[in-house]
Amino acid sequence: MAVVGRPNVGKSTLVNALVGEKVAIVSDKPQTTRADIRAILSTDAAQIVFTDTPGFHKPRTLLGSRLNELVADAVDGVDVVILVVDGSAGVGRGDAFVYERQVASTRAARFCVVNKEDAFAHAKMIPQLAAAHALGEWDEIVPVSAARGDGVERLRELILARMPEGPPLFPVDEVTDQPLETRVAELIREQALRVTREEVPHSVAIEIDEMEREGDLTRIHASIVVERDSQKGILIGKGGATLKTIGTEARAEIVRLLGTKVYLDLHVKVLKDWQRDPKALNRLGY
């Protein structure tokens, strides 16, 4: 099943809540998700594969166009499409744009999830549910707070009821199909997003230059890629303070993922206008 929506509506937070584990990174920056990330929930009775998708938007760069293509591919052939809307910001034209482009023509079951119900007064709930209903035809409209977990179990049960019978697609102990190096790179990028503002988060990419395990120690050498020298200076910070913060916070997350001690060596390098360069995008995995 595919989880779609405009940027920053809480898709990744919802997917993490549905599987009960952090699979996708989250931040308050739009366009955090840059891949169609499959998160896997396996129970004694069923297996659900959730595809977390980039925020669907009107692209300004080649990267943006490629991310939109990922959304279209993710919706094709699934059993359920979930459109996530932000109830606290209000259901509006951006949500209608995603519905028309990604939901209207699907033959899958259509769910609308009105997220962030914890962030607005209950008196506003009915108008937001009505606005969600007006977007189009739905099989289910479900209010949730993905951050708090409210309504997530009910949503999970409604999804399970729509799943066809069949064999599991993945081993029951897997929670994602992402390679380990990709998950590590995403954890580093998550911390870089956390400490930057304005245009810098959109210009950050991560390359894992080397990763190897020696006993109970994993050594990782990685590059934070930006588009301009000024952005490089921001990420390094005065006396290297910002880069040190990114490394410290990312290392703690990587330790939890890998279950080993971690040596993390970070460098920042410039790849001019990589979001608009086809060769650079291919090199960075986009």
Side-chain angles (χ1 to χ4, degrees), residues 11-29 32-44 47-52 146-147 149 152 168-196 200-201 204-226 232 234-271 282-286:
K11 297 182 296 297
S12 297
T13 302
L14 178 64
V15 168
N16 289 342
L18 285 166
V19 300
E21 186 167 335
K22 182 176 179 178
V23 175
I25 66 170
V26 296
S27 82
D28 59 355
K29 311 299 191 302
T32 296
T33 301
R34 288 181 178 166
D36 51 346
I37 298 169
R38 275 166 283 281
I40 305 157
L41 172 65
S42 297
T43 69
D44 292 338
Q47 184 179 86
I48 308 175
V49 181
F50 301 93
T51 302
D52 183 22
V152 171
L169 300 175
F170 294 92
V172 296
D173 58 345
E174 285 190 12
V175 295
T176 182
D177 66 343
Q178 294 181 91
L180 200 54
E181 285 194 6
T182 300
R183 298 185 72 183
V184 168
E186 285 289 270
L187 291 175
I188 297 169
R189 188 166 68 89
E190 180 178 42
Q191 297 307 318
L193 297 181
R194 190 178 63 83
V195 300
T196 55
V200 179
V204 169
I206 308 296
E207 284 188 307
I208 302 298
D209 302 312
E210 185 179 354
M211 179 171 160
E212 60 181 358
R213 181 168 176 174
E214 301 172 355
D216 65 346
L217 174 67
T218 303
R219 296 183 180 274
I220 302 167
H221 298 270
S223 298
I224 302 176
V225 180
V226 293
K232 179 178 179 179
I234 291 170
L235 276 166
I236 294 173
K238 187 176 181 180
T242 302
L243 188 61
K244 181 178 179 180
T245 297
I246 294 169
T248 299
E249 297 298 325
R251 184 166 54 248
E253 291 284 336
I254 296 168
V255 166
R256 282 190 280 272
L257 173 65
L258 301 181
T260 70
K261 297 177 183 178
V262 172
Y263 169 80
L264 178 60
D265 178 44
L266 293 179
H267 296 274
V268 183
K269 63 184 181 183
V270 176
L271 187 57
N282 293 340
R283 167 182 160 182
L284 294 170
Y286 300 125

Checklist entry - What's the verdict on side-chain contact (heavy atoms from CB on, under 4.5 Å) for Val175 and Val19, showing C-alpha distance, side-chain angles and the deciding distance? => result CA-CA 8 Å; Val175 295; Val19 300; 6.0 Å; no

Item to check | Which residues share a side chain to side chain donor-acceptor pair (under 3.5 Å) with Thr51, sequence neighbours left out | outcome: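 If we apply the side chain to side chain donor-acceptor pair (under 3.5 Å) test to Thr51, skipping adjacent residues, there are no hits.
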
Item to check | Any residue meeting side chain to side chain donor-acceptor pair (under 3.5 Å) with Glu214, in chain and number order, not counting sequence neighbours | outcome: Arg219

Enter the distance from [X]:[atom1] to [Y]:[atom2] here, rounded to the nearest 0.5 Å.
X      : Y      : atom1 : atom2 : answer
Lys261 : Arg251 : NZ    : CZ    : 13.0 Å
Leu271 : Arg283 : CG    : CZ    : 5.0 Å
Lys232 : His267 : NZ    : NE2   : 10.5 Å
Glu253 : Gln191 : CD    : CD    : 6.0 Å
Ser27  : Glu190 : OG    : CD    : 7.5 Å
Thr196 : Lys29  : OG1   : NZ    : 5.5 Å

[X] and [Y]: which non-hydrogen atoms are nearest, and at how many Å?
X      : Y      : answer
Phe170 : Gln47  : O-NE2, 2.8 Å
Leu264 : Ala250 : CD2-CB, 4.0 Å
Val152 : Ala17  : CG1-O, 3.8 Å
Ala192 : Ile246 : CA-CD1, 3.9 Å
Met211 : Ile220 : CG-CG1, 3.9 Å
Ile206 : Ala185 : CG1-O, 3.5 Å

Next on the checklist: Can you tell me if Lys269 has over 12 outside heavy atoms packed within less than 6.0 Å of its NZ?
Outcome noted: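 Yes, the 6.0 Å shell around NZ holds more than 12 heavy atoms from other groups.
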
Checklist entry - Of Ile188, Thr218, Thr260, which is the lone residue that meets side-chain contact (heavy atoms from CB on, under 4.5 Å) with Ile254? => result Ile188

Item to check | Residue from Asn16, Thr33, Leu193 passing side-chain contact (heavy atoms from CB on, under 4.5 Å) with Val26 | outcome: Asn16

Side-chain contact test, heavy atoms from C-beta onward, threshold under 4.5 Å: evaluate it for [X] versus [Y] and give yes or no.
X      : Y      : result
Leu18  : Leu41  : no
Thr176 : Glu21  : no
Ile40  : Leu169 : no
Ile224 : Leu243 : yes
Arg213 : Leu258 : no
Val204 : Leu235 : yes
Asp52  : Val23  : no
Ile234 : Thr242 : no

Checklist entry - Ignoring hydrogens and geometry, is there a side-chain-to-backbone donor-acceptor pair from Thr245 to Ala241 under 3.5 Å? => result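 Flag set: sc Thr245 to bb Ala241 pair under 3.5 Å.
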
Next on the checklist: Show, in sequence, the C-alpha distance, side-chain angles and deciding distance for Lys22 and Arg256, and conclude whether the side-chain contact (heavy atoms from CB on, under 4.5 Å) test is met.
Outcome noted: CA-CA 11 Å; Lys22 182 176 179 178; Arg256 282 190 280 272; over 6 Å; no

Item to check | Check against salt bridge (Lys or Arg N to Asp or Glu O under 4.0 Å), Arg183 and Glu186 | outcome: CA-CA 5 Å; Arg183 298 185 72 183; Glu186 285 289 270; over 6 Å; no

Next on the checklist: Would Ile37 and Val15 count as a side-chain contact (heavy atoms from CB on, under 4.5 Å) here? Give the steps.
Outcome noted: CA-CA 10 Å; Ile37 298 169; Val15 168; over 6 Å; no

Item to check | Steps toward side-chain contact (heavy atoms from CB on, under 4.5 Å) verdict (Tyr263, His221) | outcome: CA-CA 8 Å; Tyr263 169 80; His221 298 270; 3.8 Å; yes

